[in-house]
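Naming: A, B, ... by sequence-line order, numbering from 1 per chain.
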There are 2 protein chains.
Amino acid sequence: MTTDETGKAKGRDTRTRILDAAEKLFAEQGLASTSLRQITREAGVNLAAVNYHFGSREQLIHEVFARLVGPVNRERLACLDERRAAAGDAPLPLATILECLAAPALRRGGDRLRMRLAARVLSEPGVYSPTDFHRLFEEIAERFLGELARTLPDLPPAEIAWRFHFFIGALLQALHGLAGVKGMPGPFSELYRVPVEEVLRRVVAFGIGGFLAPAVPGNTGEDGP
Amino acid sequence: MTTDETGKAKGRDTRTRILDAAEKLFAEQGLASTSLRQITREAGVNLAAVNYHFGSREQLIHEVFARLVGPVNRERLACLDERRAAAGDAPLPLATILECLAAPALRRGGDRLRMRLAARVLSEPGVYSPTDFHRLFEEIAERFLGELARTLPDLPPAEIAWRFHFFIGALLQALHGLAGVKGMPGPFSELYRVPVEEVLRRVVAFGIGGFLAPAVPGNTGEDGP
DNA sequence: AGGCGTTTCAAACAAACGTTTGTTGGAGGT
DNA sequence: ACCTCCAACAAACGTTTGTTTGAAACGCCT
């Protein structure tokens, strides 16, 4: 629990050092490609410390992800609660709902790289238990789908679920871009060298348009530009 | 080059068998978690065959991905060419552009799982060279951004690029969902047990709304709900 | 038939993997 | 003073990884 001046950290400091190193390396290289040896080397701790403090590699992954996503989701729900308390029985503006969903993830710290991990874990199967993963987002999905249904009473619930899903995809793409794709040239390389707040406004605007689009008809038809 | 009746395949058949097995396993488990031994066992070929035919694991990955994404992108460009030839100088309807972008990926064969690989590789770093990856999509991005700019002349090019990016995210999310997230309960489990054409219509509708949304203001300021 | 280039095969390689072990050092309790 | 517990450590465990090797089996041409 104490820290001496030689640079050696003791006690629970080792835990957080492992978590920090794992979080960074997972975000950079992915889950499956990151070894415990890399993590412990980066953290400056002994190899066995991981199994001592976390039991196994899998539980370390779980804890890293929970520590990353937990505060974000709590902030999301708090944002929604706050806006709802101010609105009484009235439906929340669509922009408010989407902001509460996107802002906590996008604004997370000055370190843009960090949130990339969440985007990655969603795409990597097997490593992280789907049920554990779902438990972390179950409450979020229910709350936001409920608010969206109240704000968009004319949109069928299935359509709302679909568009919520699509918006999550757009948001993950934004998180990916914010992390910076090294070595990726082309029109998207310069795209993310902008303030986070601008990315937030843009993805929310895109989402508003998507949610306000007319419900899909039963068949294909003409459409004006 | 020939196939005898004992089940043993020779010649370039081994190549495609390896490619098929790798494609399937990569999609199911991810790139980093799939070993050459798994691939060769699934393909029913010798372990050394991979290094003989492809040189290395990395080049195998490259070829699997190119074989998967090449036809899709070619179909995308063909779709755009066809519609443009019919339209003359007139801008293409937004729905057409987004359909040409989404349909080839979503409709790929009856095997829904297959296209999940593309969605995964986009999220997995280091395994697939970013520059190689970019080369596969450079032409696509340029063509579609050009058509979008012609259809939406009032939208700043940067805004178009952003929304193109977001739409890709929504499309990837759709591909992910179509592959089926095993063990994932909740409101999204039943979402994708629908015809591909319906998913296509829904994601295109969402994208149309997103692209038609008013452009975001250039700086931070008030915003009405 | 015979030789030749191509392809398949079992076996082995060093390296890296996650995990377990037994021991050591030091702070806190009695 | 002693004992106890927690934390860190080096070392080794048995697997699994991607890759290489050398020989065997194949189809094909002269």
Legend entry - Side-chain H-bond candidate by donor/acceptor type, A/Gln29 with A/Gln38, under 3.5 Å: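 Yes, because at least one side-chain N or O of A/Gln29 sits under 3.5 Å from a partner of the opposite role on A/Gln38.
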Is the side chain of [X] donor-acceptor paired with the backbone N or O of [Y] at a distance under 3.5 Å, no angle test?
X	Y	answer
B/Thr16	B/Asp13	yes
B/Thr34	B/Gly30	yes
B/Thr151	B/Leu148	no
A/Arg15	A/His53	yes

Inset, instruction - Go through DNA chain D and write down every stem, that is, every run of at least three consecutive Watson-Crick or G-U wobble pairs with distances under 3.5 Å, as range with range. - result: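 In DNA chain D, stems of three or more pairs: C:1-27 with D:4-30.
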Please give, in whole Å, the distance from [N] [atom2] to [X] [atom1]?
X	N	atom1	atom2	answer
A/Leu60	C/dC17	CG	C1'	15 Å
B/Phe54	D/dT20	CZ	P	16 Å
B/Arg17	C/dT7	CZ	P	15 Å

Legend entry - Nearest heavy-atom neighbours spanning B/Ala205 and A/Arg163: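 In this case the closest contact between B/Ala205 and A/Arg163 is CB-NH2, 4.2 Å.
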Legend entry - Residue that, paired with B/Phe206, satisfies ring-ring contact (aromatic ring centres under 6.0 Å, His included) out of A/Phe166, A/Trp162, A/Phe167: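 Checked A/Phe166, A/Trp162, A/Phe167 against B/Phe206; only one passes ring-ring contact (aromatic ring centres under 6.0 Å, His included): A/Phe166.
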Inset, instruction - Determine whether more than 12 heavy atoms belonging to other residues, nucleotides or ligands lie under 6.0 Å from atom CD of A/Glu139. - result: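 For A/Glu139, atom CD is not crowded (no more than 12 foreign heavy atoms under 6.0 Å).
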Table of protein N/O atoms under 3.5 Å from nucleotides 18-21 of chain C N/O atoms:
residue, atom, partner, partner atom, Å
C/dG18, OP1, A/Leu36, N, 3.4
C/dG18, OP1, A/Arg57, NE, 2.9
C/dG18, OP2, A/Leu36, N, 2.8
C/dG18, N7, A/Arg37, NH1, 2.7
C/dG18, O6, A/Arg37, NH2, 3.0
C/dT19, OP2, A/Arg57, N, 3.0

Legend entry - Phosphate contact (C/dT6 OP1 or OP2) by B/His53 side-chain N/O below 4.0 Å: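 Answer is no, no contact under 4.0 Å.
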